[in-house]
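So the structure is just underneath, and the comments pick up after that.
If you're wondering where the values come from, they're calculated on a predicted model, not measured in any experiment.
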There are 2 protein chains.
Amino acid sequence: MDAYDSDERTSGAATTPGRRSRRTAADLDETAESGGDLDLSGLTGVVGYRLRRAQLAVFEDFNRRFQRFDLKPAQYSALLVIGDNPGRKQSEIAAALGIQRPNFVAMLDELERRGLAERTRSTTDRRSHAVVLTEHGRRLLAEARAEQAQQETDLGDLLGPGGRDALVSLLHRLTQAE
Amino acid sequence: MDAYDSDERTSGAATTPGRRSRRTAADLDETAESGGDLDLSGLTGVVGYRLRRAQLAVFEDFNRRFQRFDLKPAQYSALLVIGDNPGRKQSEIAAALGIQRPNFVAMLDELERRGLAERTRSTTDRRSHAVVLTEHGRRLLAEARAEQAQQETDLGDLLGPGGRDALVSLLHRLTQAE
DNA sequence: CGTTATTTGATATACGCCATAACAATTATC
DNA sequence: GATAATTGTTATGGCGTATATCAAATAACG
């Protein structure tokens, strides 16, 4: 699923005890192995590994919460950006979401099929499609926003006071540089 | 790509100014839109969105660094876990990595084809395959560990003192509960 | 002991996400 | 006015992941 390894020099506090590949004589019985748990110390303190696992967990939670809306993360983010930027070009919405234009076509098709969004031909540039939400789309988005806010609140409870904000800030820094 | 929305009640510090869906009269010119940047305030402070973006960024960096090894994150993590748990069953390795057993078959095939890992039939249970690294695999893993440690160090520099450890700790909490 | 259930590795398959190439219509450039 | 660039679209392939199914081997249990 993912990867990475940690190193004692780079991991200070948040890492688990850990053990290295070179075993001592006292560990030889474990090298033979029987039924115990695996040694995952090489992965536990690694940013990339933790990021992947956390993202999967949060998305899983998202999907549970949004089952009643029949909205996947990508669909919700699309509704959100369209709702906050009505009348923008289809390609602009896609770019903002980090979705390739070709892949956004089918996605918008689906939103349109469900009566949540609309393509309207621009009068000034007949190439582009100005995308807007329907009334139905706006209503659904309002409910979805509330559910999303609840998830954010629950994550705040889980991460402690200031923990959620600290996390968002740290994550933001990772996308700024690279 | 992903989704989520933030809410002023749940986001304290780390969020951007933002703007809500209901516009004021002063914002009407932006509702018509022309060429400016999009309003992404609904996404910037959201844990799920930030997680996804950060994970993609860190993985991209990983892939750049590991090009010379021809190792993808999943392959590196497999080598790592096998190296730290030699002789374990194929299914145990897969489970530890969060990979479905069927999907791990082709992956191990590839590692075996490249002479990095080996399947050896267990003498006690002729169903299972005890998986180990070859000498070549151990040598490659040693180099890969060093490169990975360097990435971790660089991430530490980027996130400030204690920032990396704090991030790992916060991410860990997200996977503990859910 | 022998029948049944479970485990293990493997194959086939399908779905979703993502990327690129190519195209027609339209607009911009010069 | 010829050429280039943009926009939406289609087609297509790769990659990761999930499920159903299977044969071989072992475990469970009457």
Side-chain angles (χ1 to χ4, degrees), chain A residues 1-3 33-35 48-49 52-53 55-57 59-60 62-63 66 70-78 82 87-113 117-131, chain B residues 1-3 33-35 48-49 52-53 55-57 59-60 62-63 70-78 82 87-113 117-132:
Chain A
M1 179 164 287
D2 27 31
E33 305 297 354
S34 40
Y49 178 77
R52 178 97 178 106
R53 297 310 260 236
Q55 188 250 313
L56 287 174
F59 268 47
E60 215 172 290
F62 179 97
N63 286 326
F66 279 71
D70 191 21
L71 284 179
K72 287 177 293 184
Q75 292 175 312
Y76 171 67
S77 67
I82 297 172
R88 285 291 195 151
K89 287 191 292 186
Q90 185 172 326
S91 57
E92 289 179 312
I93 304 291
L97 293 169
I99 301 177
Q100 304 290 328
R101 274 81 75 202
N103 297 328
F104 190 57
V105 173
M107 188 172 170
L108 232 191
D109 285 348
E110 174 66 10
L111 294 180
E112 212 166 10
R113 189 194 64 77
E118 277 181 336
R119 290 182 242 229
T120 65
R121 298 216 83 92
S122 167
T123 55
T124 63
D125 187 339
R126 291 187 327 204
R127 289 172 299 185
S128 64
H129 290 171
V131 184
Chain B
M1 180 164 291
D2 26 33
E33 305 297 355
S34 41
Y49 178 77
R52 178 97 177 107
R53 296 310 259 236
Q55 188 250 313
L56 287 175
F59 268 47
E60 214 172 292
F62 178 97
N63 286 325
D70 192 19
L71 284 180
K72 286 178 292 184
Q75 292 176 315
Y76 172 67
S77 68
I82 297 172
R88 285 291 194 149
K89 287 190 293 187
Q90 186 172 323
S91 58
E92 289 179 312
I93 303 291
L97 294 169
I99 301 178
Q100 304 291 327
R101 274 79 75 200
N103 297 328
F104 190 58
V105 174
M107 190 171 167
L108 232 192
D109 285 347
E110 173 67 10
L111 294 180
E112 213 166 11
R113 191 194 62 77
E118 276 181 335
R119 288 182 244 230
T120 65
R121 297 217 83 93
S122 167
T123 55
T124 64
D125 187 340
R126 291 188 325 205
R127 291 171 298 185
S128 62
H129 291 171
V131 184
V132 296

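Side-chain proximity of B/H129 to C/dT26, C/dA19, C/dA10: nearest is C/dA10. Each of C/dT8, D/dT9, C/dA10 was ranked by its minimum atom distance to the side chain of B/P102; first place goes to C/dA10.
The distance between atom CG of B/L56 and atom C1' of C/dC17, rounded to the nearest whole Å, is 11 Å. Rounded to whole angstrom, the span from the CE atom of B/M107 across to the C1' atom of D/dT17 amounts to 13 Å. B/E110 places its CD atom 13 Å from the C1' atom of D/dC15, with the value rounded to the nearest Å. With rounding to whole Å, A/R127 atom CZ is found 19 Å from C/dC23 atom P. Regarding B/R126, its CZ atom lies at a distance of 15 Å from the P atom of C/dG9, rounded to whole Å. Rounded to a whole Å, the CD atom of A/E60 is 13 Å from the P atom of D/dT17. For the pair B/N103 CG and C/dT13 P, the interatomic distance rounds to 15 Å; values are reported in whole Å. Atom pair B/R52:CZ and D/dG16:P shows a separation of 13 Å (rounding to whole Å applied).
Between B/L108 and A/T124, the one whose closest nucleotide on DNA chain C sits nearer the 5' end is B/L108.
Between A/Q100 and C/dA19 there is a side-chain N or O to OP1 or OP2 distance below 4.0 Å. OP1 or OP2 of D/dG16 has at least one side-chain nitrogen or oxygen of B/K72 nearer than 4.0 Å. Between D/dT7 and A/R88, no contact under 4.0 Å exists linking OP1 or OP2 to a side-chain N or O. A sub-4.0 Å separation between OP1 or OP2 of C/dG9 and a side-chain N or O of B/S91 is present.
Counting non-hydrogen atoms under 4.0 angstrom, B/R101 reaches nothing in the nucleic acid. Looking at heavy-atom distances under 4.0 Å, B/D125 makes contact with sugar-phosphate atoms alone, never a base.
Inter-residue side-chain proximity for B/L111 and B/E118 is flagged as unmet; no heavy-atom pair is nearer than 4.5 Å. In this structure, the side chains of B/F104 and B/Q90 come closer than 4.5 Å at one or more pairs of heavy atoms. Using a 4.5 Å heavy-atom cutoff, the side chains of A/R121 and A/H129 are in contact.
Counting only distance, with no hydrogens or angles, the side chain of B/T120 and the backbone of B/A130 share a donor-acceptor pair below 3.5 Å.
Using cut-offs of 30° and 60° for the angle between ring planes, the A/F62 and A/F59 rings count as tilted.
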